[in-house]
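Report on one structure; see the data block that follows.
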Amino acid sequence: MPELPEVETTRRGVAPLLTGRRLESLLVRDHRLRWPVRLPADLPGQALLGVSRRAKYLLFHFDHGTLIVHLGMSGSLRVLPVQMPYRKHDHLVANFTGGHSLRLHDPRRFGSVHWHAGDPAGDGEAALAGHWLLARLGIEPLDAAFNGQYLKTRARKRKLAVKSFIMDARVVVGVGNIYASEALFLAGIRPTVPAGRVTLAAFEALAREIGNVLGAAIRMGGTTLRDFVNQDGNPGYFQQTLYVYGRGGEPCRICGSTLKSVRLAGRATVYCPKCQKAQGFRKPEC
DNA sequence: ACTGGCTCCTGAGGGC
DNA sequence: TGCCCTCAGGAGCCAG
């Protein structure tokens with residue numbers, strides 16, 4: 001399940017291998033992703049100018065447009081020698097000059113691929129930001145402007161649970177279930193508290209912890225880049241110690257209390273009833 | 001304007 | 001060993 005650190009790690013792995021190369025051929029082996037894949041006939045022949053990221057969308061910038069790729073929850077990208085046989089669920093194959101073959105693998109097909117036409121020069125960048133998939137996205141969690149005051153302002157009068165609030169991509173992007181759960185634990189905030197009732201101080205701790213946990217995961221992901229081309233390495237971010245996610249019923253690593261498991265907006269949610277209070281009250285010692 | 005529920009899909013894991 | 005069941009989840013969409 002690619003969270004933002006894995007998407008960023010993917011970008012950093014793929015970009016240096018493919019940037020500057022020309023797309024020689026494109027094969028859509030299965031167009032049935034989240035939305036049917038429809039790509040222009042003139043995409044082959046274009047050069048890849050660079051790869052960037054917005055939220056969990058990877059943006060492959062070509063001469064005359066941008067390929068917008070989302071990995072869903074089971075998607076992955078790898079760059080392999082062009083002669084390597086396809087795997088089951090390799091839905092998209094993009095062969096570049098130099099024998100580099102980019103493969104989109106996505107068993108559950110929750111991912112998506114869109115083409116946005118428009119030269120990157122001129123107003124292309126602004127037009128891309130207005131793409132319907134990207135237009136309503138909130139702030140990047142690693143942006144300096146993402147802080148407690150931002151969250152406090154956005155949470156005004158909101159009644160939904162703070163965990164659901166920080167998982168809303170219109171507020172802040174890239175905070176999936178794992179990192180929302182962990183950051184709330186580290187900030188000492190109970191996930192079920194209405195967002196509008198969280199104090200500024202607690203939001204400041206939460207913004208800090210979200211940044212910390214995502215930043216650390218990206219740095220760890222970087223350590224697996226060496227293996228990126230050839231094989232499935234353990235994604236580095238997964239080596240992080242998980243305090244609550246997936247640990248319902250087990251003892252809290254800090255205080256030993258039994259971790260409580262609830263569902264919030266259909267998402268498994270685990271918290272420590274002692275370490276996580278309504279207003280947030282301490283940062284557990286790590 | 002908000003909010004929660006639904007939906008897509010396959011593979012993993014548990015129970016027997 | 002094998003089968004069936006349940007569950008997991010990102011995020012757009014929609015009804016209330």
Side-chain angles (χ1 to χ4, degrees), chain A residues 1-11 28-38 53-59 68-77 86-92 103-114 116 129-141 151 153-184 191-198 210 214 217 232 234-235 237-238 242 244-250 259 261-270:
Chain A
M1 55 204 83
E3 297 259 359
L4 185 133
E6 191 171 355
V7 177
E8 177 62 21
T9 297
T10 296
R11 186 191 72 77
V28 179
R29 302 183 67 233
D30 193 338
H31 70 275
R32 299 171 303 163
L33 298 187
R34 179 162 189 193
W35 293 281
V37 178
R38 291 182 60 247
R53 178 187 61 75
R54 174 73 174 104
K56 292 181 187 171
Y57 291 97
L58 286 167
L59 308 173
I68 304 172
V69 177
H70 197 289
L71 299 177
M73 64 159 291
S74 62
S76 60
L77 287 171
Y86 306 137
R87 289 185 297 170
K88 187 181 180 184
H89 305 306
D90 277 351
H91 304 314
L92 186 77
R103 313 279 173 91
L104 171 63
H105 180 84
D106 186 4
R108 294 185 193 176
R109 293 194 267 120
F110 278 22
S112 66
V113 177
H114 286 82
H116 178 262
H131 188 278
W132 68 276
L133 283 171
L134 310 178
R136 289 190 295 248
L137 293 174
I139 194 170
E140 290 282 335
L151 287 175
T153 302
R154 290 295 303 266
R156 218 169 79 86
K157 295 186 177 174
R158 300 290 300 271
K159 289 176 180 163
L160 87 166
V162 62
K163 173 161 173 278
S164 304
F165 172 72
I166 60 170
M167 289 179 69
D168 183 345
R170 290 167 299 185
V171 175
V172 54
V173 300
V175 183
N177 202 26
I178 298 176
Y179 291 114
S181 304
E182 295 300 309
L184 283 164
T192 52
V193 176
R197 286 189 29 220
V198 175
I210 289 172
L214 290 174
D232 284 304
N234 285 335
Y237 72 89
F238 208 66
L242 296 178
V244 287
Y245 180 81
R247 299 192 63 240
E250 297 178 36
L259 298 179
S261 195
V262 296
R263 287 191 87 76
L264 274 182
R267 294 286 174 268
T269 301
V270 181

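Given the structure is predicted, the values throughout are model-derived calculations rather than measurements. Each chain gets a letter, A, B and so on, in the order the sequences are listed, and its residues count up from 1. Computed over heavy atoms, backbone and side chain alike; hydrogens, waters and symmetry mates excluded.
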Task: A:Ala55 versus A:Leu137, closest heavy-atom pair with distance - done: CB-CD1, 3.8 Å
- [ ] Provide, to the nearest angstrom, the distance between the CG atom belonging to A:Leu264 and the C1' atom belonging to C:dA8.
- [x] 16 Å
TODO: Using whole Å, report how far NE2 of A:His31 lies from P of B:dC8.
DONE: 16 Å
Task: Nearest-angstrom distance from the residue atom CH2 of A:Trp132 to P of C:dA11 - done: 12 Å
Open item on the list: Would you say that A:Leu33 contacts A:Leu104 through its side chain, given a criterion of any heavy-atom pair below 4.5 Å between the two side chains?
Closed with: yes
Open item on the list: Please report the distance, rounded to the nearest Å, between CZ in A:Arg170 and P in C:dG10.
Closed with: 16 Å
Task: A:His70 vs C:dG10: side-chain N/O to OP1/OP2 distance below 4.0 Å - done: no
- [ ] Would you mind classifying the nucleic acid contact of A:Phe165 as base, sugar-phosphate or nothing, using non-hydrogen atoms under 4.0 angstrom?
- [x] nothing
Open item on the list: Tell me the closest heavy-atom pair linking A:Val7 and A:Lys56, and the distance in Å.
Closed with: CG1-O, 3.8 Å
Task: Whole angstrom value for the distance that separates C1' of C:dG12 from CG of A:Leu133 - done: 9 Å
TODO: When you get a sec, tell me which of C:dG10, C:dA8, B:dT10 is the closest nucleotide to the side chain of A:Arg109?
DONE: B:dT10
Open item on the list: Side-chain N or O of A:Tyr245 versus OP1/OP2 of C:dA8: is the shortest distance under 4.0 Å?
Closed with: no
Open item on the list: Less than 4.0 angstrom from a charged side-chain N to a carboxylate O is my criterion; do A:Glu140 and A:Arg54 meet it?
Closed with: yes
- [ ] With the side chain of A:Leu160 defined as its heavy atoms from C-beta on, choose the nearest nucleotide among B:dG11, B:dT3, B:dC9.
- [x] B:dT3
Open item on the list: So, does A:Arg34 get its side chain near the phosphate of B:dC9, meaning an N or O under 4.0 Å from OP1 or OP2?
Closed with: no
- [ ] Check whether any side-chain heavy atom of A:His114 lies under 4.5 Å from a side-chain heavy atom of A:His70, and answer yes or no.
- [x] no
TODO: Find the distance A:Phe110:CZ to C:dG12:P and express it as a whole number of Å.
DONE: 13 Å
TODO: Can you figure out which of B:dG11, C:dA11, B:dC8 approaches the side chain of A:Pro107 most closely?
DONE: B:dG11
TODO: Round to a whole Å and report the spacing from NZ of A:Lys56 to C1' of C:dG12.
DONE: 14 Å
Open item on the list: Which is more 5' along DNA chain C, the nucleotide nearest A:Arg108 or the one nearest A:Arg136? Just name the residue.
Closed with: A:Arg108
Task: Out of C:dG12, B:dT3, B:dC9, whichever nucleotide has its closest atom nearest the side chain of A:Arg158 - done: B:dT3
Task: Phosphate contact (C:dG10 OP1 or OP2) by A:Tyr179 side-chain N/O below 4.0 Å - done: no
- [ ] To the nearest Å, give me how far apart OH (A:Tyr57) and C1' (C:dA11) are.
- [x] 7 Å
